[in-house]
Amino acid sequence: MAAKVGVGLLGLGTVGGGVASILQNPDERHPLVGELELIRVAVRDLNRPRPVALDASLLTTDPSAVIQDPAVDVVVEVIGGLEPARSLILQAIAAGKSVVTANKAVIARHGQEITEAAAAAGVYVLIEAAVGGGIPIIEPLKQSLGGNRINRVSGIINGTTNYILTRMAEEGAAYDAVLKDAQELGYAEADPAADVDGLDAADKIAILATLAFGGSVDRAAVPTEGISGLQGVDVDYANQLGYGVKLLAVAERMAVSGDPLPLSLRVQPTLVPMDHPLAGVNGVNNAILVEGDPIGRVMFYGPGAGAGPTASAVVADILNIAGIRQASDGPGKVDPLLAAGSWRPCALADSGDIRQRHYVRFKTKDAPGVIGNVGGCFGERNVSIQSIVQFNASDAGAEIVVITHEVSQRQMNEALEAIQALPEVSGLAAHLGCL
Ligand code: NDP
Ligand code: HSE
């Protein structure tokens, strides 16, 4: 019989609890799950009630005791946040233990340091749960799609905000109440500002870009806008024009290549045509579209947060490591596809060069010629308009909504500056992306 593989858990919250629950109930799962043995578990508060029944002797408030336990072969970091998570991951690597983590914040910022330390120590750091919750997307990008030249990765990669946007659109539910529900369901980050301000999605798209394009990007430079500034009126107007609004994350190659490879990354509320596959992705579900040559377009869809789905991804990574350990009888040389180190430099392109469609809403006077003047400012800067519509005309003024064809951010900024200088335009009230 194969030797048991010892698992040490750092954290027993939403995700850690889900992992412990799978390890305690191996029946009808892959036989290797039965070979995983939960050795020790680090928590912050020993007296907190737990959703899983664990022998109290397994619990400790000292994460180092878990990492250094000789019976622990794989360390699972599901504490979250930057520190002590980063140091604990590095400590586990230094102790010759492979690591599984769901921590996108640490990987997006310290992924290179961690990957290099793991390569030097001959161990793995696997991160399937860090993006898309239960959706397998990390391993497909590392392995199954390795024969492709990836051009674009885009999608809905934050469950909390998609859950909020869906319930607000479908039920007219209040933002604060739905956010509270998302927290109670275990979807939100410890500080939910990370979700609603787009930071969690930016962490995730930085990780996906690194895997898709082969090199890490500067996480701090990813243009990021969340849903906290999104106004209901824009969701209404978008619906009337045939679009839904989603918090979209995008990573794509620029048209012109270079060294380092120039990439465009962004996170922003974006209009999605109702007949687009991403428009039907609702609730806590996520979806990631990968576009490559020669595969074309593939979409990965499923629950993007929550205990069960995320634990499913964590356990998949533990199984990968356990399988390799059992085949090779201990740590040694790592499989380059599974370890997935960087293989070329990448850099974020100048934001002025990013091309996309735009949705803008202006507050204007309801006067003859306004639409013509706004249209003229766009035309003079070579910004082609797909639609221009006036809403809510009254004595108090009107609102003009414009959807453009694909233009560079630079052209768009110049046109917006000119339009805001028109005497009949009182302000730019909203500016969103558009697919
Ligand atoms: P929780 O807040 O539910 O759990 C965190 C756990 O870590 C708790 O058990 C807490 O202990 C423990 N902990 C915190 N600090 C320490 C410390 N210094 N030493 C020991 N234990 C500590 O977080 P989640 O499970 O929701 O998230 C964990 C990670 O997974 C995060 O990186 C998150 O981004 C990621 N993730 C979460 C998903 C989700 O749906 N929730 C989905 C995908 C990824 P105690 O219980 O005693 O307070
Ligand atoms: N807070 C995250 C989300 C958890 O809502 O998507 C999953 O990474």
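Everything numeric here is computed off the predicted structure, so don't read it as measured data. For ligands, and for the atoms within them, numbers begin at 1 and follow the listed sequence.
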Could you verify whether a donor N or O on one side chain and an acceptor N or O on the other, from [X] and [Y], lie under 3.5 Å apart?
X: Gln91; Y: Ser64; value: yes
X: Gln240; Y: Asp236; value: no
X: Tyr237; Y: Asn392; value: yes
X: Ser264; Y: Arg266; value: yes
X: Lys204; Y: Asn286; value: no
X: Ser21; Y: Gln24; value: no
X: Gln268; Y: Gln356; value: yes
X: Gln409; Y: Arg355; value: no
X: Gln112; Y: Ser216; value: yes
X: Asp62; Y: Thr60; value: no

Please report which non-hydrogen protein atom sits nearest to [atom], along with the residue it belongs to and the distance in Å to one decimal place.
atom: atom 43 (C) of ligand 1; value: Thr310 CG2, 3.3 Å
atom: atom 6 (O) of ligand 2; value: Gly159 N, 2.7 Å
atom: atom 12 (C) of ligand 1; value: Gly11 CA, 3.8 Å
atom: atom 45 (P) of ligand 1; value: Arg48 NH1, 3.3 Å
atom: atom 26 (O) of ligand 1; value: Thr14 CB, 3.5 Å
atom: atom 8 (O) of ligand 2; value: Lys104 NZ, 2.5 Å
atom: atom 18 (N) of ligand 1; value: Pro84 CG, 3.9 Å
atom: atom 21 (N) of ligand 1; value: Val43 C, 3.2 Å
atom: atom 36 (N) of ligand 1; value: Lys104 NZ, 3.6 Å
atom: atom 5 (O) of ligand 2; value: Thr160 OG1, 2.6 Å
atom: atom 19 (N) of ligand 1; value: Pro63 CG, 3.7 Å

Mind checking the [atom1]-[atom2] spacing from [X] to [Y]? Nearest 0.5 Å is all I need.
X: Tyr243; Y: Thr270; atom1: OH; atom2: OG1; answer: 12.0 Å
X: Leu12; Y: Leu38; atom1: CG; atom2: CG; answer: 8.5 Å
X: Ser154; Y: Lys246; atom1: OG; atom2: NZ; answer: 14.0 Å

Would you tell me which option among [options] has the nearest heavy-atom contact to [atom]?
atom: atom 28 (C) of ligand 1; options: Val131, Leu82, Val19, Val78; result: Val78
atom: atom 30 (O) of ligand 1; options: Gly16, Gly159, Gly81, Ala102; result: Ala102
atom: atom 34 (O) of ligand 1; options: Gln183, Lys204, Glu189; result: Glu189
atom: atom 29 (C) of ligand 1; options: Ala105, Gly80, Pro309, Ala182; result: Gly80
atom: atom 27 (O) of ligand 1; options: Val15, Thr61, Asn47; result: Val15
atom: atom 7 (C) of ligand 2; options: Gly133, Gly304, Ala182; result: Gly304

Under 4.0 Å to a heavy atom of [X] - the qualifying atoms of ligand 2, by number:
X: Glu189; value: 1 (N), 2 (C), 4 (C)
X: Lys204; value: 2 (C), 3 (C), 6 (O), 7 (C), 8 (O)
X: Asp195; value: 1 (N), 2 (C), 3 (C), 5 (O)

(Q) Among Lys4, Arg325, Lys97, exactly one meets salt bridge (Lys or Arg N to Asp or Glu O under 4.0 Å) together with Asp73. Which residue is that? (A) Arg325
Ligand-residue contact atoms, ligand 1 with [X], heavy atoms, under 4.0 Å:
X: Ala42; answer: 21 (N)
X: Leu12; answer: 6 (C), 8 (C), 9 (O)
X: Ala305; answer: 40 (O)
X: Arg50; answer: 9 (O), 45 (P), 46 (O), 47 (O)
X: Gly186; answer: 39 (C), 40 (O), 41 (N)

Q) Is Tyr187 in polar range of ligand 2, meaning some N or O pair under 3.5 Å apart? A) yes
If we only consider heavy atoms of [X], is any one of them less than 4.0 Å away from an atom in ligand 1?
X: Gly133; result: no
X: Glu77; result: no
X: Ala190; result: no

Using every non-hydrogen atom in the two residues, find where [X] and [Y] come nearest and quote the distance to one decimal.
X: Thr161; Y: Asp195; answer: CG2-O, 3.3 Å
X: Met168; Y: Ala173; answer: CG-O, 3.3 Å
X: Arg410; Y: Asp353; answer: NH1-OD1, 2.9 Å

Q) Short N/O distance, under 3.5 Å, between Ala129 and ligand 1? A) no
Hey, is [X] touching ligand 1 through its side chain, its backbone, both or neither, going by heavy atoms under 4.0 Å?
X: Glu83; value: neither
X: Arg44; value: both
X: Ile79; value: both

Q. Quick one: does ligand 2 sit under 4.0 Å from the side chain of Asn158, the backbone, both or neither, non-hydrogen atoms only?
A. both
Q: Using a distance threshold of 4.0 Å (strictly less than), state whether atom 41 (N) of ligand 1 has a protein heavy-atom neighbour.
A: yes
(Q) Closer than 4.0 Å and a protein heavy atom, does any atom meet both conditions relative to atom 3 (O) of ligand 1? (A) yes
**Q.** CD (Gln143) with more than 12 external heavy atoms under 6.0 Å
**A.** yes
**Q.** Ile205, Asp203, Val267 screened by side chain to side chain contact (heavy atoms under 4.5 Å, CB included) with Thr224, the one that passes
**A.** Val267
Q: Could you check whether the rings of His358 and His431 sit parallel, tilted or perpendicular, using 30° and 60° as the cut-offs?
A: tilted
